[in-house]
Amino acid sequence: MHTTEQTRRGLSSFTLHCIAMVLMLGDHLWATFLPQQDWLTCVGRLAFPIFAFLLAEGFWRTANLNKYMRRMLLFALASEIPFNLMVSRRIIQPFHQNVLWTFLLSLIALSAVKKLETKGWVLRIAGTALTALGFYVLGFVTFVDYYGYGILMVMLFYLTRSGQDAPRSVRMGLMAVQLLGMYWINVEMMGGLVYPVTLLGWSFEFPRQGLALLALPILWLYDGRQGLHNPYTKWGCYLFYPVHLLILGGLLKLL
């Protein structure tokens, strides 16, 4: 009883989806109509890691991977023109694709990694490393949102996934790997715009993308529950992406 009560204090998949959608909307408002509100894109840095975590969790739990991938492809296609309108006010933008393409490539990468699970440990490690490298490059070649970095984040969360019944020491170890992996991807690899910070007399620069690490404490509250789930919430989560892009992009086009 004590364990069950403890579990219910966490966050469900649906709750994480809602948090990520709100954060993403804030980031997109900054990118379109509120560029002076820099805090919107700062908190928006947390959105992608949450979505990446949920994608890895969805891959793990799905009963029909092909159906999952077809659904991702359908909404990636549906989101492309709205995304182009938002980022460039153009119908066609060949050099920047929406994030659902990133997720589709990530699902393909995870399916390749999963096929290696029956192999020996040497082949598994080598195959996983080559898959990560190959899809990292592919993310840049195809100009998907977050490029190859986004695919690496999804793979990181999949490879460090632990069940709720895993020993505490194992879960803590995997959390440490997630922290190091997220730091390496977002700070060392992505970098980008930096903010000057002074702390206890020590001055240093911290990249804005590094704020993505703040998503980890939220993700660590995930308790394995799906939460509120029905056709309305399921399709609502999918439709939110192209619909809000279409509204923002359409308004930009009109102005």
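Just so you know, these numbers come straight off a predicted model, no measurement behind them.
- Screening residues 86-104 for side-chain hydrogen bond (donor to acceptor under 3.5 Å, both in side chains), with sequence neighbours left out, gives E80-N98, E80-W101, H96-D145.
- In this structure, L130 is not a member of the same hydrophobic cluster as L159, with clusters built from ILVMFWY side-chain heavy atoms closer than 4.5 Å.
- Between S13 and R225, every side-chain heavy-atom pair lies at or beyond the 4.5 Å cut-off.
- No more than 12 heavy atoms of other residues, nucleotides or ligands lie within 6.0 Å of CE in M172, so this atom counts as exposed by the packing criterion.
- When side chains are defined from C-beta on, V113 does not count as touching R124, because their heavy atoms never get closer than 4.5 Å.
- Surrounding CG of L255 are more than 12 heavy atoms belonging to other residues, nucleotides or ligands, all under 6.0 Å away.
- Applying the ring pair (Phe, Tyr, Trp, His ring centres under 6.0 Å) rule to pairs touching residues 145-175 yields F48-Y146, F53-F157, F59-Y158, W60-Y158, Y136-Y149, F140-Y147, F140-Y149, sequence neighbours excluded.
- Taking the side chain as every heavy atom from C-beta outward, W235 and F75 approach each other to under 4.5 Å.
- Residue L214 comes nearest to P217 through the heavy atom pair O-CD, 3.2 Å, listed as atom of the first residue, atom of the second, then distance.
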Verify side chain to side chain contact (heavy atoms under 4.5 Å, CB included) between L110 and T131, making sure each step is shown before the conclusion.
CA-CA 9 Å; L110 294 185; T131 299; over 6 Å; no
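- A salt bridge links E57 to R161: at least one charged side-chain nitrogen sits closer than 4.0 Å to a carboxylate oxygen.
- Proximity of S106 to M155: side-chain heavy atoms (C-beta onward) are nowhere separated by under 4.5 Å.
- Donor-acceptor pairing under 3.5 Å is recorded for the side chains of S12 and T15.
- In this structure, L100 and L104 have side chains that are not in contact, with every pair of non-hydrogen atoms separated by 4.5 Å or more.
- Of all non-hydrogen atoms in C42 and Y195, the two that sit nearest each other are SG-OH, 3.4 Å.
- No side-chain heavy atom of V154 sits less than 4.5 Å from a side-chain heavy atom of L156.
- A distance of 10.0 Å separates CG in L254 from CG in L85, rounded to the nearest 0.5 Å.
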Identify all side-chain donor-acceptor contacts of residues 201-208 below 3.5 Å with residues at least two apart in sequence or on another chain.
| from | atom 1 | to | atom 2 | distance (Å) |
| --- | --- | --- | --- | --- |
| S203 | OG | T198 | OG1 | 3.2 |
| R208 | NH1 | D38 | OD1 | 3.3 |

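- Residue L116 is not grouped with residue W121 when hydrophobic side chains (ILVMFWY) are merged at heavy-atom distances under 4.5 angstrom, including chains of intermediate members.
- For the ring pair (Phe, Tyr, Trp, His ring centres under 6.0 Å) condition, no pair includes a residue of residues 170-189, sequence neighbours left out.
- Of the inter-residue distances, the one linking D27 atom CG with L34 atom CG reads 11.5 Å to the nearest 0.5 angstrom.
- Although no hydrogens or angles enter the test, the distance criterion places no donor-acceptor pair under 3.5 Å between the side chain of S79 and the main chain of A76.
- In K119, the NZ atom is not crowded: 12 or fewer heavy atoms of neighbouring residues, nucleotides or ligands sit closer than 6.0 Å.
- In this structure, S111 and I108 approach most closely via the heavy-atom pair OG-O, 2.6 Å.
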Test log, rule side chain to side chain contact (heavy atoms under 4.5 Å, CB included), inputs F51 and H17:
CA-CA 7 Å; F51 282 124; H17 264 107; 4.2 Å; yes
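- P49 and L219 make their closest contact through O-CD1, 3.9 Å (heavy atoms, listed as atom of the first residue, atom of the second, distance).
- With values rounded to the nearest 0.5 angstrom, M72 atom CE is found 11.0 Å from L105 atom CG.
- Hydrophobic clustering (side-chain heavy atoms under 4.5 Å, transitive across Ile, Leu, Val, Met, Phe, Trp, Tyr) groups I185 together with W220.
- Residue T233 comes nearest to H229 through the heavy atom pair OG1-CA, 3.4 Å, listed as atom of the first residue, atom of the second, then distance.
- Grouping the Ile, Leu, Val, Met, Phe, Trp and Tyr side chains by contacts below 4.5 angstrom, directly or via other members, places L152 with L179.
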Verify side chain to side chain contact (heavy atoms under 4.5 Å, CB included) between L65 and M69, making sure each step is shown before the conclusion.
CA-CA 6 Å; L65 178 58; M69 293 174 69; 3.8 Å; yes
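- Remark: Q37 CD to L40 CG distance equals 6.0 Å, nearest 0.5 Å.
- Here CG of L180 is found 9.5 Å from CG of L213. Values are rounded to the nearest 0.5 Å.
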Before giving the answer on side chain to side chain contact (heavy atoms under 4.5 Å, CB included), spell out for L11 and D223 the whole-Å C-alpha distance, their side-chain angles and the decisive distance to 0.1 Å.
CA-CA 6 Å; L11 301 177; D223 58 21; 5.9 Å; no
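- With contacts defined as side-chain heavy-atom distances shorter than 4.5 Å, the pair N186/M153 qualifies.
- Residues meeting the side chain to side chain contact (heavy atoms under 4.5 Å, CB included) test with P196, sequence neighbours left out: none.
- A heavy-atom distance below 4.5 Å is found between the side chains of V170 and P167.
- Separating the CD1 atom in I50 from the CE atom in M21 is a distance of 11.0 Å, to the nearest 0.5 Å.
- Residues G210 and V187 approach most closely at CA-CG2, 3.7 Å, considering heavy atoms.
- Under the 4.5 Å side-chain heavy-atom criterion for ILVMFWY residues, no single connected hydrophobic cluster contains both L77 and L246.
- At a cut-off of 3.5 Å, with distance as the only test, a side-chain donor of Q178 or T160 sits close to an acceptor on the other residue.
- Annotation: side-chain hydrogen bond (donor to acceptor under 3.5 Å, both in side chains) contacts involving residues 239-255, sequence neighbours excluded, comprise H28-H244.
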